[in-house]
Amino acid sequence: MKWSEFFTSSIGKKIIMSLSGLFLIAFLVVHVGLNACIWAMDDGVMFNKAAHFMGANVVPRILEIGLFAGFLLHIIQGFVLVAQNNAKRKIGYNVKMGSRGSTWYSKSMGLLGTLLLLFLIMHIAHFWVPSRITGLEPVFIDGKEYHNLYGEMVAVFTDNPLVVALYVIGCISLAWHLLHGFQSAFRTLGLSNHKYIKLIQGLGAGFSIIVPLAFAMMPVSFYFGWV
Ligand code: HEM
């Protein structure tokens, strides 16, 4: 099989989905860990310093380009797969599978992915654009200047119940998307034989609930003044 054929074959597309998905999962671990610094109860000092480290160093900046490429690849390939599945479904089956063929969230990956995409556009506009393009208020810590991303979170989430609700909905979509996506990625790559399937399912379920829950608690914490 030639490389060009790999990218257009259905197994090639699924492998790209799983590898880009696992890369995005790794990003979520770093992102949730870094953001958890908001709960240090130090008015954002630790969080602003950690975010500064990510923004100011070459390696994370190169990874950021990879991250946006990973998102693009995952989103475009996802839309292609959904369109192809829909086209196949229109031909129709003689036997109705009901819920036996696949679970609800496996069938709804396209819808959940689209909700996530809308969340992501809003999210990038809230934080990445001011941080990298339009500029943020500086804050001085020990005489050194930092971007006040913590202050930006206060501004975005405090007094904005609609935005907080949209973030919580985004995190619920993320949880459902991951509940299917996490184990599906391992299955596509052939890493979930009968010996490890239970472990991967357990890890997947734990990750899909704990990480989005931690993310959702961030806007909620700002709104209710818990940080
Ligand atoms: C719900 C709680 C979340 C909060 C409070 C939050 C906060 C932030 C902040 C402050 C930044 C800017 C970082 C910087 O410019 O240095 C950022 C960037 C970003 N976030 Fe989130 N985030 C959340 C959830 C998510 C989720 C669930 C995803 C993915 C599905 C996500 C994807 C991104 C991406 C792609 C960027 C840009 C990457 C970069 O700056 O390198 N975030 N987020």
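Order of appearance sets the numbers: ligands from 1, and atoms from 1 within every ligand. Remember, predicted model here, so these are calculated numbers, not experimental data.
Atom numbering of ligand 1 starts at 1 in the shown order; those under 4.0 Å from a heavy atom of Phe71 are 35 (C). Every atom of ligand 1 with a heavy atom of Tyr167 under 4.0 Å away is listed here by number and element: 1 (C). Within ligand 1, the atoms closer than 4.0 Å to a non-hydrogen atom of Arg132 are 14 (C), 15 (O), 16 (O), 40 (O), numbered from 1 in the order shown. Counting the atoms of ligand 1 from 1 in the order shown, those under 4.0 Å from a heavy atom of Leu28 are 29 (C). Residue Leu174 approaches ligand 1 through these ligand atoms, each under 4.0 Å from one of its heavy atoms: 27 (C). Residue contact check: Trp128 has heavy atoms under 4.0 Å from atoms 37 (C), 39 (C), 40 (O) of ligand 1. Here is the list of ligand 1 atoms found below 4.0 Å of a heavy atom in Leu67: 38 (C). Taking every non-hydrogen atom of Phe27 and a distance limit under 4.0 Å, the qualifying atoms of ligand 1 come out as 32 (C), 33 (C), 34 (C), 35 (C).
Of all protein heavy atoms, the one closest to atom 4 (C) of ligand 1 is Asn35 ND2, 3.3 Å. Summary of contacts: the protein heavy atom closest to atom 14 (C) of ligand 1 is Leu149 CD1, 3.6 Å. Protein heavy atom closest to atom 36 (C) of ligand 1, with residue, atom name and distance, is Ile124 CD1, 4.0 Å. Atom 39 (C) of ligand 1 has its closest protein heavy atom at Glu64 OE1, 3.3 Å. Protein heavy atom in closest approach to atom 26 (C) of ligand 1: Phe119 CE2, 3.6 Å. When only non-hydrogen protein atoms are considered, atom 11 (C) of ligand 1 lies nearest to Phe127 CB, 3.6 Å.
No part of Leu116 comes within 4.0 Å of ligand 1, judged by heavy-atom distances. Contact annotation: for Met153 versus ligand 1, heavy atoms closer than 4.0 Å belong to the side chain alone. Residue contacts with ligand 1, taken as heavy atom pairs separated by less than 4.0 Å, involve Cys171 solely via side-chain atoms from C-beta onward.
Judged by distance alone, the side chain of Asn48 and the main-chain N or O of Tyr150 form a donor-acceptor pair under 3.5 Å. Remark: the backbone N or O of Gly44 is paired with a side-chain donor or acceptor of Asp42 at under 3.5 angstrom.
Aromatic ring centroids of His74 and Phe23 lie 6.0 Å or more apart.
Around CG of Asp43, the count of heavy atoms belonging to other residues, nucleotides or ligands within 6.0 Å does not exceed 12. Counting non-hydrogen atoms of neighbouring residues, nucleotides and ligands closer than 6.0 angstrom, the OH atom of Tyr196 reaches no more than 12 such neighbours.
For atom 3 (C) of ligand 1, the nearest non-hydrogen atom from the set Phe68, Phe222, Tyr150, Phe215 belongs to Phe215.
Side-chain contact of Lys13 with Gln84: a donor-acceptor pair under 3.5 Å is present, judged by distance alone.
Among all heavy-atom pairs drawn from Glu145 and His52, the shortest one is O-CE1, 4.3 Å. Counting all heavy atoms, side chain and backbone alike, Leu28 lies closest to Phe215 at CD2-CE1, 3.7 Å. Across all non-hydrogen atoms, the minimal contact from Gly170 to Leu116 is O-CD2, 3.7 Å.
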_Between Phe157 and Tyr223, does the ring-ring contact (aromatic ring centres under 6.0 Å, His included) criterion hold? Intermediate values first, please._
CA-CA 6 Å; Phe157 299 130; Tyr223 186 73; 9.7 Å; no
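Below 30°, between 30° and 60°, or above 60°: for His123 and Tyr167 the angle between ring planes is above 60°, a perpendicular geometry.
The closest approach of His123 to atom 21 (Fe) of ligand 1, by N/O/S atoms, is made by NE2. As for His31, its N/O/S atom nearest atom 21 (Fe) of ligand 1 is the one called NE2.
Under the 4.5 Å side-chain criterion, counting only non-hydrogen atoms from C-beta, Val220 is in contact with Val164.
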